[in-house]
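The next block holds one structure in the form of structure tokens; read it before the comments.
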Amino acid sequence: MNGGRRAATLPVSLFRQDAATVARGLLGAVLVSEVRGCRTAGRIVEVEAYLGAEDPASHAWQFRRHPGNEALYGPAGSWYVYRSYGLHWCTNLVTGPPGQGAAVLVRALEPLEGIAAMRRRRRVTEEGLLCAGPGRLCQALGVTVALDGMPMHRSPVRVERGVELPDEAVLVTPRIGITRAADWRLRLVMRGSPWASRGHWKK
DNA sequence: GCGCCGATTGGCT
DNA sequence: GCCAATCGGCGCC
């Protein structure tokens with residue numbers, strides 16, 4: 001489909017910045033997965049920033065460490081994949097200096113490539129349900145804990161440059177689905193995107 | 001050791 | 001709109 005032409009992967013320098021800036025830079029970019037030789041891809045339309053030790057909603061709150069979240073303290077641009085509610089995988093890109101524990105959660109994608117594979121993995125046909133949610137998009141792209149701790153640039157799942165969004169195209173809202181510090185406005189959504197998770201239309 | 005809880009999802013009391 | 005599924009981490013006994 002891409003005729004062998006490879007789009008540019010986002011530079012590591014982007015991920016060394018603070019989580020909110022990285023979140024802004026990720027919106028509109030393309031998440032490309034080549035897990036087990038199967039190519040799937042989607043445009044990032046919804047993200048959330050988690051700031052690290054000072055953020056009560058962060059898994060790194062007060063520098064809490066345990067075997068499950070070590071990747072969060074790794075170098076910028078590496079993956080942090082965790083299990084949610086004992087069932088689903090959710091994926092983040094680590095940002096900022098190592099040890100800070102900041103990251104950006106990828107919450108929704110517009111499916112672009114490998115839609116048949118996404119349907120097979122998700123066991124759902126409705127396109128709007130393939131990648132609308134952090135757990136759903138991981139399932140659609142084959143993302144599991146196997147990715148946890150990998151530097152994104154040397155992993156089978158990478159983020160490539162996508163569309164540049166003007167500020168008017170970016171909707172900033174409180175984070176959703178959390179109980180602590182839920183009012184912090186660190187959720188970014190591509191304005192008007194029908195591919196965002198269902199919390200999108202709530203204020 | 002035990003019980004509760006969550007950055008979720010899907011099915012239906 | 002409500003709740004079960006499922007499990008590691010954490011608080012508390």
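In the text below, chain A, chain B and the rest are named by the order of the sequence lines, each starting its count at 1. Quantities reported herein were computed from a predicted structural model and do not represent experimental measurements.
As rounded to whole Å, 13 Å separates atom P of B:dA7 from atom CG of A:L72. Here C:dC7 presents its P atom at 10 Å from CH2 of A:W89, a figure rounded to the nearest Å. Look at CG on A:L129: it is 13 Å from C1' on B:dG11, rounded to the nearest Å. When rounded to the nearest whole Å, the span between CG of A:L137 and P of B:dA7 equals 17 Å. A:N92 has its CG atom 8 Å from the C1' atom of B:dA7, to the nearest Å. Separating the CG atom of A:D148 from the P atom of C:dG8 is a distance of 14 Å, rounded to the nearest angstrom. B:dG11 atom C1' lies 13 Å from atom CG of A:L87, rounded to whole Å. In this structure, A:N69 places its CG atom 13 Å from C1' of B:dA7, rounding to the nearest Å.
Distances shown here put a side-chain N or O of A:R122 below 4.0 Å from the OP1 or OP2 atom of B:dG10. For B:dT9, neither phosphate oxygen OP1 nor OP2 lies less than 4.0 angstrom from any side-chain nitrogen or oxygen of A:H88. Applying the 4.0 Å criterion to OP1 and OP2 of B:dT8, one finds that A:R83 has every side-chain N and O outside that range.
As judged by a 4.0 angstrom heavy-atom cut-off over every strand, A:R65 is placed among residues making no nucleic acid contact.
Between A:Y50 and A:H59, the ring center distance fails the sub-6.0 Å criterion.
In the set B:dA7, C:dG9, B:dT9, the nucleotide with an atom closest to the side chain of A:P134 is B:dT9. Listed candidates were B:dT8, B:dA7, B:dG10. Nearest to the side chain of A:S84 is B:dT8. Nearest to the side chain of A:I178, among B:dG10, C:dT6, B:dA7, sits B:dA7. Each of C:dC10, B:dA7, B:dG10 was ranked by its minimum atom distance to the side chain of A:R136; first place goes to B:dG10.
In this structure, the aromatic ring of A:Y85 is not positioned over the six-membered ring of the base of C:dA5 within 5.5 Å between centres and 30° between planes.
Ring geometry, A:Y73 versus A:F63: the interplanar angle falls from 30° to 60°, so the pair is classed tilted.
A:R39 has a carboxylate O that lies under 4.0 Å from a charged side-chain N of A:E34, or vice versa, which qualifies the two as a salt bridge.
B:dG1 is paired with C:dC12 under the criterion used here, namely a Watson-Crick or G-U wobble arrangement in which both key atom distances are under 3.5 Å. B:dA7 is unpaired under the Watson-Crick or G-U wobble criterion, no partner having all donor-acceptor distances under 3.5 Å.
Side-chain polar atoms of A:T9 and A:E160 form no donor-acceptor pair below 3.5 angstrom.
Residue-to-nucleotide proximity on DNA chain B shows that, of A:V124 and A:T179, the 5′-proximal contact is made by A:T179.
Relative to the ring axis of A:W89, A:R83 places its NZ or CZ within 45° and under 6.0 Å from the centre.
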